[in-house]
Amino acid sequence: MFSEEKKEGSPRFGKLNFPVGLWINSPKKHFAKLGRRWPSVGSIKSTSSDTASRTSETVELRQPTKNKNQRHKRLSNLFHRSTNNVGTISAGNSGGRWASEKKLSEIIDHVPEDLVELSSQKNLPGILKIFGDDISSGTNYKSVLATPRSTARELVKEALERYAVTDPDTDAFALCDVVGRFEGNDRDWKMEYLRIVGDRERPLVLQEMWKPKVGYSRRFEIRRKEEVEKMSAEDTETAGINAQARRLQKSRSRAASGGNTPVRDREDRLSLRRSISDMNLNTKKRRDRKNVKSMVANEDDDTGHGTEPILPDGNPDMQTSVDSGIRSGNADEVLEPVDTGDLERLSQCLIQPPTELPYFLLLQGYNEKQDFVIYVMTRKKHLFGRADRTSREKGGAYVDTFLSAPDILPRHCCVWRMEPAGQRFITRVRPYRGALVTHNGGVLQREAQLSTGDLLGLGEHFLFMYKDPRVAQSRPAWLPKAWTSPGLSGAFACQMCGRSLQERQEDFQAYMESRELVLQFRSQEEDALLKEIIDKTGSGNSEFKLAPAYFFSICIEHSTRALEPGHFPRLAMKIANFIKEVVWGKIKEIGDKQPENQQGQVGSLSVEDVAADLQPLMLWMANSMELLNFVQKKVLEVEKEWEADGISHDALVSSDLEACEEAMALLDEVIMYTFQQCVYYLTKTLYMALPDLLDSNPFTEATDLSDVEELSSMPKGTRGTLAIYQATLDLTRECELHPDLVSQTFGYLFFFSNASLFNTLMEKGNGEPFYQWSKAVQIRTNLDLLLDWLQGVGLGDIAAEFFRKLSTTVNLLCIPKTSLLKLSWTRLHSDYSIISAAQLNHLLRNYHLGVGRAHPTAWDPPEEEKDEIANTDIFESFTDHPPLILPCENFRLQLSEPVANEAFHLQLCHLRRFLWDLEQLSLPANQRALYRVENSQ
């Protein structure tokens with residue numbers, strides 16, 4: 001049924017191994033593919049997509065005929081509109097051609113006329129059915145009112161209203177012209193072709209002017225543009241053909257507009273101006289040219305020089321064409337005739353890069369049949385990747401350029417343009433996790449700036465040069481510099497960067513002495529580096545107490561910028577485990593020092609000893625808090641990058657997030673345990689000093705109460721408690737603990753002090769007379785001295801809040817006896833509501849009125865409350881302490897600022913030298929650097 005000519009060029013029998021767009025070689029093939037060609041949108045006075053406007057010729061519009069054979073014949077003549085060409089077709093060929101068309105129409109299953117246009121019915125004019133299963137599952141179609149003047153954009157808006165799409169973004173939807181057929185016994189709809197209808201196109205006019213091929217039906221569907229783009233991206237072969245055809249069309253237009261040329265030359269170059277369709281459909285002329293070329297070649301072989309060829313049928317037109325090809329230029333020169341295929345290949349080479357947009361120039365590819373020379377960066381964010389159906393089904397990021405190499409990941413590399421800073425256009429590049437990307441010859445682990453002229457390698461096969469026509473071209477970073485010194489320094493210069501030994505020595509020394517918070521290391525050296533940081537800064541002897549948090553944060557910053565993406569979670573986990581081991585060891589060491597754990601030792605540790613023991617714990621609490629905040633910010637940044645890249649649901653990403661969360665949980669645990677241990681040992685010391693506030697008499701000692709900030713001038717009863725508060729305050733300041741944690745530490749100490757003093761006061765009422773005006777005045781004076789001192793050091797508000805119950809109770813006892821006897825239970829319970837009924841009853845029943853004097857009946861609680869008061873505990877609970885709330889702001893750690901502390905700068909330089917020594921020791925002696933570190937510190 002099919003001729004050998006058809007089999008040779010048809011994609012049904014072989015792969016495309018010649019220029020794209022030239023495989024349609026016979027009229028029979030034109031007819032077979034007729035249903036896939038779409039009209040020029042300019043012929044219906046509207047604007048459509050690029051696919052629908054490939055030709056610039058005007059087609060005369062006529063009403064469609066019901067006779068399918070006549071319409072097919074008219075369309076075939078439309079493509080062969082040259083009368084000369086039609087007349088020159090031989091009778092044998094013509095007969096075979098029309099016979100083929102007849103057989104083809106006979107074997108196609110005819111579709112009833114009322115099922116050709118599924119979106120409209122003759123008995124319901126003005127009603128257009130728009131199918132929308134893509135946006136509303138289970139819904140077949142919705143009917144909208146339409147006129148011949150209705151545009152596709154108007155119908156999309158009406159359809160979205162009919163489908164009840166909430167807050168529709170009409171720009172995200174498009175009306176699609178879909179051609180297909182019903183197959184199988186179930187008559188399932190199978191789409192064969194889909195085209196986006198332009199916003200200003202008129203669907204009813206399209207129905208009247210253009211009909212689907214015999215055996216096919218057409219319907220209008222509303223789809224999301226994003227889904228249509230993904231569908232087109234999956235069809236890489238068709239997408240490549242369309243893109244190549246557009247480039248060929250543009251290249252021919254450029255070649256044809258090269259200036260004023262002679263008339264004869266313009267006639268010879270006519271094939272460069274014509275479209276691909278015209279060149280393919282004009283089969284007679286193309287076949288004759290092939291015959292001419294073969295005859296000329298044979299004559300040259302026989303005679304050894306060019307002779308005038310003998311043409312079949314004596315065609316004068318072909319004679320002129322060959323003459324112009326052979327005798328162009330000087331009369332003495334003989335040129336070989338140019339074939340149409342050569343002209344096609346020549347037109348493909350006439351490619352000019354864009355002048356307004358950045359692009360990637362392919363230097364090395366993988367498949368020459370699928371790779372293009374230029375990839376234009378049309379969006380601000382450009383993604384390279386491999387066509388992968390599973391990643392698209394998971395809702396991955398849109399890939400701009402598909403590459404076919406096997407080592408290219410579905411999302412391999414991302415290049416994005418930043419907002420112009422003044423006159424500068426900044427572009428950055430970042431590889432995706434697991435992707436091999438090189439930048440100017442070096443492996444790229446993290447993002448970097450991409451300059452025009454830089455080399456970008458993707459995988460092991462693709463190599464691109466990035467070009468931005470808007471930026472002036474400077475010297476490429478990968479181009480070696482010229483030798484400036486012919487001596488030994490030039491001989492030892494770096495072969496890649498061209499820097500001399502002296503220049504490298506200066507740069508290296510500048511890095512070693514830099515005050516910038518930068519620390520470069522390799523992953524194999526990080527364990528030794530972390531141990532060195534803990535040994536040198538974790539003991540508390542360092543002048544800069546937040547040095548561990550700074551150094552660990554610098555390591556994490558280097559990991560997120562220079563090392564592979566999976567390194568950051570592992571490093572954060574490793575740092576947290578190191579800190580936990582150190583803290584647990586310190587806690588055990590402090591516990592072993594306690595007197596109850598020492599044989600033969602009785603008593604308690606002094607305040608100075610307790611502060612010295614707690615200093616490492618307070619130090620790691622402060623550093624862990626700063627480090628936890630830094631890690632949380634980094635994790636949020638990484639999560640945003642993963643969400644922008646569309647890989648937030650990836651298995652590796654999920655494991656990384658789990659590792660980061662576990663590391664943060666360990667740091668949180670370290671903060672909780674260090675806080676708990678610190679307040680435990682401080683309250684343990686306070687418990688021994690607090691009773692003096694109730695028992696001592698501040699009026700018997702010769703004290704100067706004018707300067708309450710000086711502990712030596714304070715009464716002995718308050719001096720012990722204030723010494724503990726002073727030591728705690730000095731410790732928090734020395735360790736640079738976060739202000740919120742300082743407040744909560746003292747809040748817990750004040751809570752304990754209030755509860756302990758109140759419970760002691762309740763206990764003293766059961767023995768000898770204690771609740772009386774004279775004793776209450778002494779307690780009030782000690783308490784006022786305590787609160788005044790705390791107010792002077794900035795802790796007055798917190799102390800007033802937590803000492804409120806004790807202060808109110810003492811105020812009650814300070815009421816003169818004669819005034820107190822006049823007050824009733826109801827009045828006292830109302831004025832001192834912070835004291836519970838059981839506690840108030842305990843104070844009044846044990847108040848000392850004098851020997852043999854009974855309490856007034858007005859102090860008795862109501863009868864209905866006596867049973868409840870008798871069964872209620874009068875002591876304050878220590879379990880109702882305030883919870884520890886980690887702060888969210890006002891952190892001290894700032895990596896963007898240079899080092900100001902000289903001691904910290906010396907430690908930073910020491911770590912750099914330590915890493916340098918480790919790196920040099922790991923190398924063979926003949927590969928170690930020739931320059932040395934100068935000890936200028």
Side-chain angles (χ1 to χ4, degrees), residues 35-55 58-66 71 111-137 139-180 189 191-213 216-229 231-232:
R36 296 191 182 182
R37 295 189 53 82
W38 295 88
S40 169
V41 182
S43 61
I44 56 176
K45 307 296 184 183
S46 62
T47 305
S48 75
S49 59
D50 182 62
T51 309
S53 56
R54 300 284 173 80
T55 174
T58 303
V59 180
E60 181 180 358
L61 302 181
R62 298 178 181 177
Q63 293 296 328
T65 178
K66 296 181 181 180
R71 181 165 56 85
V111 177
E113 189 172 353
D114 58 341
L115 293 181
V116 173
E117 295 291 347
L118 300 177
S119 290
S120 60
Q121 298 180 8
K122 287 186 177 181
N123 57 347
L124 295 174
I127 300 296
L128 194 67
K129 299 177 183 178
I130 297 182
F131 294 79
D133 187 66
D134 186 61
I135 62 173
S136 179
S137 179
T139 303
N140 191 13
Y141 65 86
K142 294 290 185 180
S143 298
V144 298
L145 296 176
T147 66
R149 301 183 62 84
S150 299
T151 62
R153 177 50 51 196
E154 296 172 352
L155 296 180
V156 166
K157 293 180 180 179
E158 293 185 26
L160 291 176
E161 294 178 359
R162 297 281 290 129
Y163 278 102
V165 178
T166 58
D167 297 331
D169 182 8
T170 57
D171 294 334
F173 296 88
L175 188 67
C176 299
D177 191 0
V178 182
V179 174
W189 171 261
M191 182 188 69
E192 295 290 341
Y193 186 84
L194 179 145
R195 180 183 73 90
I196 294 181
V197 181
D199 291 345
R200 298 181 60 186
E201 289 190 56
R202 301 173 184 176
L204 292 184
V205 178
L206 285 178
Q207 283 186 333
E208 291 295 328
M209 299 304 174
W210 307 100
K211 299 294 182 180
K213 191 172 65 172
Y216 289 86
S217 302
R218 183 248 301 282
R219 71 182 191 182
F220 290 106
E221 298 181 4
I222 183 170
R223 292 175 175 262
R224 298 182 184 272
K225 291 183 180 179
E226 182 181 0
E227 297 297 329
V228 178
E229 292 174 354
M231 292 172 58
S232 62

Do Arg223 and Leu194 have side chains that get closer than 4.5 Å, going by heavy atoms?
-> yes

Evaluate the side-chain proximity of Arg218 to Asp177: yes if any heavy-atom separation is below 4.5 Å, no if none is.
-> yes

Side chain to side chain donor-acceptor pair (under 3.5 Å) filter on Arg153, not counting sequence neighbours, yields Asp199

Closest approach of Tyr141 and Phe131, non-hydrogen atoms and distance?
-> CB-CD2, 3.7 Å

Any sub-3.5 Å donor-acceptor pair from Arg162's side-chain atoms to Ser143's backbone N or O?
-> yes

Spacing of CE belonging to Met191 relative to CE belonging to Met231, to within rounding of 0.5 Å = 3.5 Å

Rounded to the nearest 0.5 Å, what's the gap from CD on Glu117 to CG on Leu204? Could you check?
-> 9.5 Å

Are any non-hydrogen side-chain atoms of Ser119 and Gln207 less than 4.5 angstrom apart?
-> yes

For Pro203 against Ala152, the heavy-atom pair lying closest together = CD-N, 4.0 Å

Look at atom NZ of Lys157 and say whether more than 12 heavy atoms of other residues, nucleotides or ligands are closer to it than 6.0 Å.
-> no

Any residue meeting side-chain contact (heavy atoms from CB on, under 4.5 Å) with Glu154, in chain and number order, not counting sequence neighbours | Ser150, Thr151

In Leu206, Val228, Val178, the residue satisfying side chain to side chain contact (heavy atoms under 4.5 Å, CB included) with Arg195 is Leu206

Between the CZ atom in Arg219 and the CH2 atom in Trp189, the distance rounded to the nearest 0.5 Å is 5.5 Å

Tested for side chain to side chain contact (heavy atoms under 4.5 Å, CB included) against Val156, the lone hit among Val197, Ile130, Ile222, Asp171 is Ile222

Here the gap from Glu227 atom CD to Glu229 atom CD, rounded to the nearest 0.5 Å, amounts to 10.0 Å

